[in-house]
Amino acid sequence: MVGSILGGAFRLLRQHPVSVLVWSILYLVGVFAIGLLRILVAPADPGSIAGAIGAGVLSQGLAIALVAVLITAATRATLHPYKRGACYLRLGANEARVFALLAMLTIASMVLAFLLTLTNGFLLSLSSLVLPVAAAHWIAAGLVLAELAALVFVQVRLSIALPLTYLYEAITVDEAWAQSRGHFWSIFGAFAALALLLALAGLALLAVFFLPVLTTLVQAGINGRALAETLLMIVVAAKNLPAASQLILVSAMLALTALSFVLATATLASAARTMLGLKDGQIEDLRRRRG
């Protein structure tokens, strides 16, 4: 099943290369423009909490809108390639529903992070009072690992909520949880394999420009200190590259970042289709099922 999910995602690159290129450019330009706008609307007074919140909400809202449009376009191209248009880009009800779902998930994530921070602080303070320091540290590490595992589990189970919201033409979270039951490892494996492939691509890119530095790392042995020193050497070596090489390196890194976003979205859509056993043109049946 992992192969089927990834196959559907990479098929998007082969069948719609122009659309993928346009989405990647829009993603990069949009992220840059939103970051620039965030700087421009930042309050003159660094102590202005209201101004900082307003600027943050504006930039976050624009970022969610950009992602919603691109996610919906990639989902449309993956699940319904016959619905052609300008690179499958539209502004309509589907995009609005995906935007609303992304906003809800973002707010829920922020609230959960806040509650976890408070809970962890209380539990760690309590454990440090009644337990030895070493034991308190082990408990803290175990607590963090358990929370990370739980968050990954929930995120994977709910990951297909975005493509299902497009397919059902209704915001849905419970359906994603139900449809992904028993398929956690398939979805997780697909994303793990995708992350590994992208990491290898990034490593190959670095090897083109910094092979001697990476060779030194391998010879010295890979550990935390060696990695930190290698990163520092890469930064120094990058500054000493010719201007043309720096431009090529930055452009390639940005392209890989944008491609990662598109492939992750296509993987979600492919996973949803695999979970539901869908073929093209079944959206009417899905709408009736939800009704």
Side-chain angles (χ1 to χ4, degrees), residues 9-43 51-81 83-103 105-106 109 162-163 165-166 191 194-195 197-199 201-202 204-206 208-209 235 238-239 241-270:
F10 280 95
R11 190 159 51 246
L12 180 69
L13 299 182
R14 185 178 69 254
Q15 295 178 342
H16 307 288
V18 175
S19 294
V20 170
L21 177 62
V22 170
W23 300 334
S24 300
I25 293 174
L26 288 176
Y27 176 75
L28 294 175
V29 172
V31 169
F32 177 79
I34 292 171
L36 181 61
L37 179 64
R38 174 68 180 269
I39 296 175
L40 293 176
V41 301
I53 293 176
V57 170
L58 175 62
S59 59
Q60 187 66 33
L62 291 175
I64 292 175
L66 171 67
V67 170
V69 171
L70 295 179
I71 282 180
T72 307
T75 301
R76 185 178 290 115
T78 303
L79 299 179
H80 297 130
K83 293 188 175 183
R84 296 190 176 275
C87 297
Y88 298 93
L89 291 165
R90 300 179 186 178
L91 287 175
N94 281 322
E95 286 73 15
R97 282 187 285 266
V98 172
F99 172 85
L101 177 58
L102 283 172
L105 293 176
T106 300
S109 299
L162 291 170
T165 293
Y166 165 81
F191 276 99
L194 178 62
L197 290 174
L198 292 172
L205 176 61
L206 291 178
V208 171
F209 293 91
V235 171
K239 291 182 178 179
L241 287 174
S245 297
Q246 290 181 349
L247 179 61
I248 294 173
L249 174 61
V250 172
S251 299
M253 291 177 64
L254 290 175
L256 183 60
T257 300
L259 182 61
S260 301
F261 169 77
V262 173
L263 281 175
T265 300
T267 300
L268 287 178
S270 181

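Legend: salt bridge (charged side-chain N to carboxylate O under 4.0 Å, His left out) pairs involving residues 61-78, not counting sequence neighbours, sorted by first then second residue: R76-E95. Contacts classified as ring pair (Phe, Tyr, Trp, His ring centres under 6.0 Å) and involving residues 21-40 (residues at least two apart or in different chains) are given here: Y27-F261. For residues 20-30, the set of pairs meeting the salt bridge (charged side-chain N to carboxylate O under 4.0 Å, His left out) definition, not counting sequence neighbours, is empty.
Between L26 and L89, the closest side-chain pair of non-hydrogen atoms falls below 4.5 Å. Residues L162 and T265 have side chains not in contact (no heavy-atom distance under 4.5 Å, counting atoms from C-beta outward). Looking at R90 and T72, their side chains never come closer than 4.5 Å, going by heavy atoms from C-beta outward. For the pair T75/L268, no side-chain contact is recorded, criterion being any heavy-atom separation below 4.5 Å from C-beta on. In this structure the side chain of V20 never reaches within 4.5 angstrom of the side chain of L263, judged on heavy atoms. Proximity of I248 to F209: side-chain heavy atoms (C-beta onward) are separated by under 4.5 Å at one or more points.
Note that CG of L101 and OG1 of T165 are 4.5 Å apart. Values are rounded to the nearest 0.5 Å. A distance of 9.5 Å separates OG1 of T267 from CG of L12, quoted to the nearest 0.5 Å. Within the model, atoms CZ of F99 and CG of L91 stand 12.0 Å from one another, a figure rounded to the nearest 0.5 Å. To the nearest 0.5 angstrom, L102 atom CG is 10.0 Å from S109 atom OG. The structure places CG of L21 at 10.5 Å from CG of L259, a figure rounded to the nearest 0.5 Å. Taken to the nearest 0.5 Å, the OG atom of S260 stands 7.0 Å off from the CG atom of L194.
Here the closest non-hydrogen pair linking C87 and S19 is CA-OG, 3.5 Å. The two residues L256 and A201 come nearest to each other via the heavy atoms CD1-CB, 4.1 Å. Across V262 and S24, no two heavy atoms sit closer than the pair CG2-OG, 3.9 Å. The two residues S59 and G56 come nearest to each other via the heavy atoms OG-O, 3.0 Å.
No side-chain donor-acceptor contact under 3.5 Å links S270 to the backbone of A266.
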Before you tell me yes or no, could you show the steps for L249 and L205 under side chain to side chain contact (heavy atoms under 4.5 Å, CB included), namely the whole-Å CA-CA distance, both residues' side-chain angles and the distance that decides it to 0.1 Å? CA-CA 8 Å; L249 174 61; L205 176 61; 4.3 Å; yes
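Each of L66, L58, I64 was scored for a side chain to side chain contact (heavy atoms under 4.5 Å, CB included) with L62, with one residue passing: L58.
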